[in-house]
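Below is one structure, written out as structure tokens, with a few remarks after it.
A quick note: this is a predicted structure, and the numbers were derived from the prediction, not measured. Counting convention: from 1, in listed order, for ligands and their atoms alike.
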Amino acid sequence: MYVFVRERLESESFIPEGRIFELLEKTKNPDPKRVREILRKSLEKNRLDPEETATLLNVEDEELLAEMFEAARKLKEEVYGNRIVLFAPLYIGNACVNDCVYCGFRSSNTLVQRITLTEEQIRREVEALISQGHKRLIVVYGEHPMYTPQFIAKTIEIVYDTKLGKGEIRRVNVNAAPQTVEGYKVIKSVGIGTFQIFQETYHKKTYLRLHPKGPKSNYNWRLYGLDRAMIAGIDDVGIGALFGLYDWKFEVMGLLYHTIHLEERFGVGPHTISFPRVKPALNTPYSLKPDHPVSDEDFKKVVAVIRLSVPYTGMILTAREPARLRDEVIKLGVSQIDAGSHIGIGSYSSRDEDEFKKSQFTLEDPRPLDLVMRSLLKEGFVPSFCTACYRAGRTGEHFMEVAIPGFVKNFCTPNALFTLQEYLCDYASEETRKVGEEVIGKELQKLPPRIREKVKEGLERIKRGERDVRF
Ligand code: SAM
Ligand code: SF4
């Protein structure tokens, strides 16, 4: 019976397109009083309802917009404090049977170099990443019969198994094609963090037009991809939309309905939300002129409205965006960014002129990790490589940050400071080390005295050479 209900359910979309259009129409020119009421609800850390999110998406008045951005900043500060988690993407292979029109890896692109890393090449890439100071990766794959769950699991094992000096990768997240429940179980068994799948566009007609070939042309198989991951026991899942394919307001509503669906079915929403914009890819005309380009101003609204709509979820901003925009947008609610990223396959360990020919698209923030660390520190952020919750078996950490009083002060800040101290001891340039030590000093002063003493003790242990100190 359960299986029958599930199958019937999964033949239906949980994205009510008609209702989304209706809500976006009905909430045009919103009353300032109503907008402020919604901002207050959000600041009390409540997830918003679709009508409320639609209202925020329709704010255009300059003054109200400023209030909305301010509320997003405040919410971020209150919930997550000034920590920013850092990670890097690692592309394992770009063979692909799909033909997503915006992607440099699409099967009809004959100019892209097709590469799948060997075991030895993966080790070299991971060593290069460790030697920058990275501790958290997301591994990325095209969709191809070669990339079976067993293959994906094996490559992740190699990542965990690769060590260099005192360094190691402590959390591997995954961005790969949707799997069967059995497939997810195989991948889960090697110990993954988040499994990410982006729906690209929630608008079905547009989806079908832009994904003309291969398994990805099945909208519902992808839409329920993370349901199957959760059924298989993967607790942390990441959703996302690729902005530029369809109307940005519709996509934000899609992300919210996806969130509500996961909450209703599994009692917990997504661990992270991603909101990449389409960027130029090799020999890919659509990527240069997407149908619905999103301006920088609208992109800021996307970030603020997602932050306010789902306060308990991590938000990921990638190096697709240029440094100056990243600096601005981070303050509106982002909790994770990548840095020092190379997306040409094999490009961490062997730099060459041809990176673009092995890449899915272009990155606009090419700064090395140390420079991003320094820039964050100078802005008063605490860059963090923390993986403590994942390794202590505490899933849904973002939820705990919001829901459990004192969680951030007792766990998150201390652990962020420990991983920052490790970075300063092992990888930082002299200049970054100086700014970093100052920030640690300031952060210590903000901690309650009892915790401060314990953190100081941990920091001393790290300076004496101990690694992986955590609460
Ligand atoms: N091949 C798998 C899939 O499509 O699900 C794994 C993910 S793909 C390698 C990673 C993500 O990159 C896609 O989900 C898509 O959102 C994004 N992407 C593809 N082409 C892009 C482009 N031209 N600019 C920005 N992001 C792009
Ligand atoms: Fe293949 Fe993914 Fe690119 Fe689509 S987005 S062509 S599935 S790599």
Is [X] in polar range of ligand 1, meaning some N or O pair under 3.5 Å apart?
X	result
Asn175	no
Lys216	yes
Tyr91	no

Mind checking whether [X] contacts ligand 1 via backbone (N, CA, C, O), side chain (CB onward), both or neither, at a 4.0 Å heavy-atom cut-off?
X	answer
Arg277	backbone
Tyr102	both
Arg106	neither
Tyr141	backbone

Can you list the atoms of ligand 1 that are under 4.0 Å from a heavy atom of [X]?
X	result
Val140	9 (C)
Gly142	1 (N)
Val278	24 (N), 25 (C)
Phe361	21 (C), 22 (C), 23 (N), 24 (N), 25 (C), 26 (N), 27 (C)

Expected output: side-chain [X] to main-chain [Y] donor-acceptor under 3.5 Å:
X	Y	value
Tyr246	Asp291	no
Tyr184	Gln179	yes
Glu125	Ser349	yes

Of all the non-hydrogen atoms in the protein, which one sits nearest to [atom], and at what distance?
atom	value
atom 18 (N) of ligand 1	Gln360 NE2, 3.8 Å
atom 24 (N) of ligand 1	Lys279 N, 2.9 Å
atom 3 (C) of ligand 1	Arg222 NH2, 3.6 Å
atom 25 (C) of ligand 1	Arg320 NE, 3.2 Å
atom 16 (O) of ligand 1	Glu200 OE1, 2.6 Å

May I ask you to test the [X]-[Y] pair for a side-chain heavy-atom distance under 4.5 Å?
X	Y	result
Leu242	Phe198	no
Ser13	Asn220	yes
Leu317	Phe275	yes

Exercise. Between the side chains of Arg106 and Thr284, is a donor N or O closer than 3.5 angstrom to an acceptor N or O?
Worked result: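 Yes, a side-chain donor-acceptor pair sits under 3.5 Å.
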For this session: Classify the side-chain pair Thr194/Arg171 by whether it contains a donor and acceptor separated by less than 3.5 Å.
Result: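 Arg171 and Thr194 do have a side-chain donor-acceptor pair below 3.5 Å.
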Exercise. Does the pair His134 and Tyr427 meet the rule for a ring-ring contact (aromatic ring centres under 6.0 Å, His included), with working shown?
Worked result: CA-CA 9 Å; His134 278 294; Tyr427 306 105; 9.3 Å; no
Exercise. Mind checking whether Gln196 has a heavy atom under 4.0 Å from ligand 1?
Worked result: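 Flag not set, Gln196 not near ligand 1.
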Exercise. Hey, is Ile197 one of the residues with a heavy atom under 4.0 angstrom from ligand 1?
Worked result: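 Contact check Ile197 vs ligand 1: negative.
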Exercise. Given Thr206, which of Arg209, His203, Lys204 fulfils the side-chain hydrogen bond (donor to acceptor under 3.5 Å, both in side chains) condition?
Worked result: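 In the set Arg209, His203, Lys204, the residue that makes a side-chain hydrogen bond (donor to acceptor under 3.5 Å, both in side chains) with Thr206 is His203.
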For this session: Might you work through the side chain to side chain contact (heavy atoms under 4.5 Å, CB included) test for Glu143 and Phe105, ending with a clear yes or no?
Result: CA-CA 10 Å; Glu143 179 160 4; Phe105 293 164; over 6 Å; no
Problem set entry | Contacts of type salt bridge (Lys or Arg N to Asp or Glu O under 4.0 Å), residue Glu297, not counting sequence neighbours |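 Listed in chain order: Lys300.
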Problem set entry | Over 12 non-hydrogen atoms of neighbours within 6.0 angstrom of NZ in Lys163 |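 Enclosed: over 12 neighbouring heavy atoms sit under 6.0 Å from NZ of Lys163.
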Exercise. How are the rings of His261 and Tyr224 set relative to one another: parallel (under 30°), tilted (30 to 60°) or perpendicular (over 60°)?
Worked result: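 If you compare the ring of His261 with that of Tyr224, the planes turn out perpendicular.
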For this session: Taking the six-membered ring for Trp and the single ring otherwise, decide whether the centroids of Tyr202 and Tyr257 are under 6.0 Å apart.
Result: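 Between Tyr257 and Tyr202, which both carry aromatic rings, the centre distance is not below 6.0 Å.
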Problem set entry | Distance filter under 2.8 Å, centred on atom 4 (Fe) of ligand 2 - protein N, O or S atoms that pass it |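 Protein N, O or S atoms closer than 2.8 Å to atom 4 (Fe) of ligand 2: Cys100 SG.
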